[in-house]
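Side-chain atoms are counted along with the backbone in the values below, which use heavy atoms only and exclude waters and symmetry mates. To find a chain, count down the sequence lines: A is the first, B the second, and so on, and within it residues start at 1.
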Amino acid sequence: MSGHSTYNPSNGFTRWLDARLPILRLGHDTAVSYPVPKNLNYWWTFGGVLTFCLGVQIITGIVLAMHYIPQTELAFRSVESIMRDVNYGWLLRYIHANGASMFFIAVYIHMFRGLYYGSYKAPREVLWILGCLIYLLMMATAFFGYVLPWGQMSFWGATVITNLFGAIPLVGESLRTWLWGGFAVGDPTLNRFFSLHYLFPFLIAGVVILHIWALHVTGQNNPAGVEVKNKDQDTVPFTPYATVKDAFGLSLFVILFAYFVFFNPNGLGDVENYVVANALKTPPHIVPEWYLLPFYAILRAVPDKLAGVVLMFGAIAVLFVLPWLDTSKVRSARFRPLYKQFFWIHLAVCLALGWCGAQSPDTILIHVGDGGFTVTHFARILASYYFLHFIVLFPLLGLIEKTKPLPESISASVLGTKN
Amino acid sequence: MTQKMTKTFRIGFASKLAGVAAFGALALGLSLGASAPAQAEGAEAPLKHVAWSFNGPFGTYDRDALRRGYKVYKEVCSTCHAMSMVHFRNLAEKGGPEFTAAEVKAIAAGYKVQDGPDSSGEMFERPAEGKDPFPSPYPNDEAAAASLGAAPPDLSLIAKAREGGADYIYSLLNGYEEAPANVHVPAGGNYNPVFVAGSGIIAMPKPLSDGQVDYTDGTPNTAEQMSKDVAQFLMWAAEPKLEQRHRLGLQVVLYLIALTGILYFATRKIWADQH
Amino acid sequence: MAEIHAAEPTRRDFLYVATGAFAAVGAAAAVWPLIDQMNPDASVLALASIEVDISKIPVGQEITIKWRGKPVFIRHRSEDEIKAAESVDVAELRDPQTDDVRLVKGPNGQLEKQWLVLIGICTHLGCVPLAYKGEFNGYFCPCHGSVYDTSGRIRKGPAPLNLEVPPYKFVSDSKILIG
């Protein structure tokens, strides 16, 4: 879709600049004249929301780094001085801390939208893989960031996650020591995590540029899942149509964001992180932040340490190969009655895995005699489905499913379904 | 025809909005799910819920309660518990107990802090000033544990570091009971079912009793009232910017609602020719 | 739909401007916390005033204390130094100031002529001048050779202004409060 540029410099300066650095042309082609399918629904506004989230995290993060001290003796106190003494420090920190959660809410919606409408399929495989890469970088960044306040959860979260690497055969032990820069999580660990936490968002921003580039090459997928056939009939220019719609969607999202920042700033956090890190005392119940819970549940569902780690990373790795696991020619779940049902089952399974990740693993759900059906048992079934869904159902459904007839074009689908 | 399309658009929009709202609700549900597990498993005494003045989006602290709570902290809690993140100057800040500058100076002067070195290289003691944090009763956790059996936690953030917050503090202070026959209370321990972290056994003896702290504002100085006041004071100590946050939050949310409204009409207008 | 399109442009322009303006106001307001966070925080402001005991400074000597991260000179001037400061022809100074306006009154309402309090930062480029050095036995800045007299006034060298007098007052005969 990166067709002929319609940019038309309007005055002497812009003509002069365009001949030397066509940056205004780039901006115009990307954000003004770029054709978007006219049938996009509000689930497509989350790309804009995510860009906003990244911007907010980078800006507030840079500002917080002006006050934060990455030293184990002072880190907790420096965060408290941000909360108590720095002008608007409490606001900036609450925005940054809740911003991470908002970022993940948006990215999960964005990803499940892609799964529902088949946005990962040809010719958008690279676009999808870049997205998975962003997601992976986001999780790493969030993890590094969570360590910085040096509360109990920071410390023990860092300890547990870095210990995962110890499961790797042969090199695990030395890899772990290398990550720590010592024989336990300590000052060197905190310092390097701070450095990486500052670096990674810029890596994310870089991959986001590639992601948007890839998007502009293939054009957006759409709820009907059929390609644009006639630019005039099927698309509208990005500005004003998508701009205003994205702005409206973003505005609603920011209200939710503001609710957390101003009226429930610690609702998504863990109380234990208001206790300064103590290497001699583990909190009774260690849980990661909510957005990592499903993976944590998969990790704990497996009785073997190495296998658990492999499966946890496998749960993310499988996303990278989805474009080749899915054999269906039809993109949108609207026209895939069977897949549509399994999509909802899969979403429910992911949420249930998240719930399991938050529970104590030995909690008995159904009592049978002395023992019973525990959270771990439940998580095992759910984790099995998670992999089954992608590895077995994705190839199988494409072969056996009888899909509904596709609309002739996007414009036809707009007139037909009022979307 | 145009009218009909606008209507269609509206319906389509409403259903989409519902979808977004549903996901918002989902996120909220997740947040609740995520915070729930922090409660330790096993038996748990239900917390007593107080209708705090600082609850809700319009909530503010009760100045008089904060001042009484400070008195309770000073005369009772501070003999064992540090509050090292709070400075004397905070007592005069807006949104807190709002003592006058002179009162804060007098309060601070009641404490001695170490300073130095002076020109001859010696450390010296001087009366505390507004800029100083509350001095800790013990030089370190080890010293506290050695003299009390267990190190008492620093109270600066206690109201944010315990599930239930001020309700937890209030419930704990009122939770001391005669131990049931099947519970063994070791020497130096006390029975308090609210203290789940220790399975109901807490090293701190019941700290408050009726009439222990003199109230000068006519409020009855029952142990129950004092625990309520000190819980509110500790909430302020943990979250001194709460009033500022609520005030700014209302302004921000009102602005956002207006902006969202404008954007809604702009979206409708701009898309009117496409449906 | 065609006729709507034709009638639209001006109304649309208004819509864009109104929406954009309203959003811009919010964005501008959101910038303020990002700027204000770099201003001195509450803990820095709390240290902004300090009390100094001056009773132990002998005549003809001075001490240097730190106030807001800067050196402050507190000089117990001798009769000769006071006389030297007062006998200057103000009109000839680069930054004309009498000695008296650079001093404050004590608790008894009298000008405390023996006490000179200065911010010890050369007004040229921010170095710390040396006391009891230079032609006038006041201050001499080692960086670029500015010379100040016993009232801290610039007499020679590149500095444009007299040494600054911080805000201070006597809280008792032996204590001053700076800031």
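- The local environment of NZ in K131(B) is crowded, with over 12 non-hydrogen atoms from other residues, nucleotides or ligands closer than 6.0 Å.
- Contacts of A29(C) with chain B are absent, with no heavy-atom separation under 4.5 Å from either backbone or side chain.
- Contacts of residues 245-258 of chain B with chain C at a heavy-atom distance below 4.5 Å involve Y255(B), A258(B), listed in sequence order.
- Not counting sequence neighbours, N140(B) has no partner by the side chain to side chain donor-acceptor pair (under 3.5 Å) test.
- In this structure, R67(B) is not positioned above the aromatic face of F233(B) in the sense of NZ or CZ being under 6.0 Å from the six-membered ring centre and within 45° of the axis.
- Summarising the local packing, CD of E86(C) is surrounded by more than 12 heavy atoms from other residues, nucleotides or ligands at distances under 6.0 Å.
- More than 12 heavy atoms of other residues, nucleotides or ligands shown are found within 6.0 angstrom of OH on Y132(C).
- With respect to D132(B), the salt bridge (charged side-chain N to carboxylate O under 4.0 Å, His left out) criterion is satisfied by exactly one of R126(B), R89(B), K112(B): R126(B).
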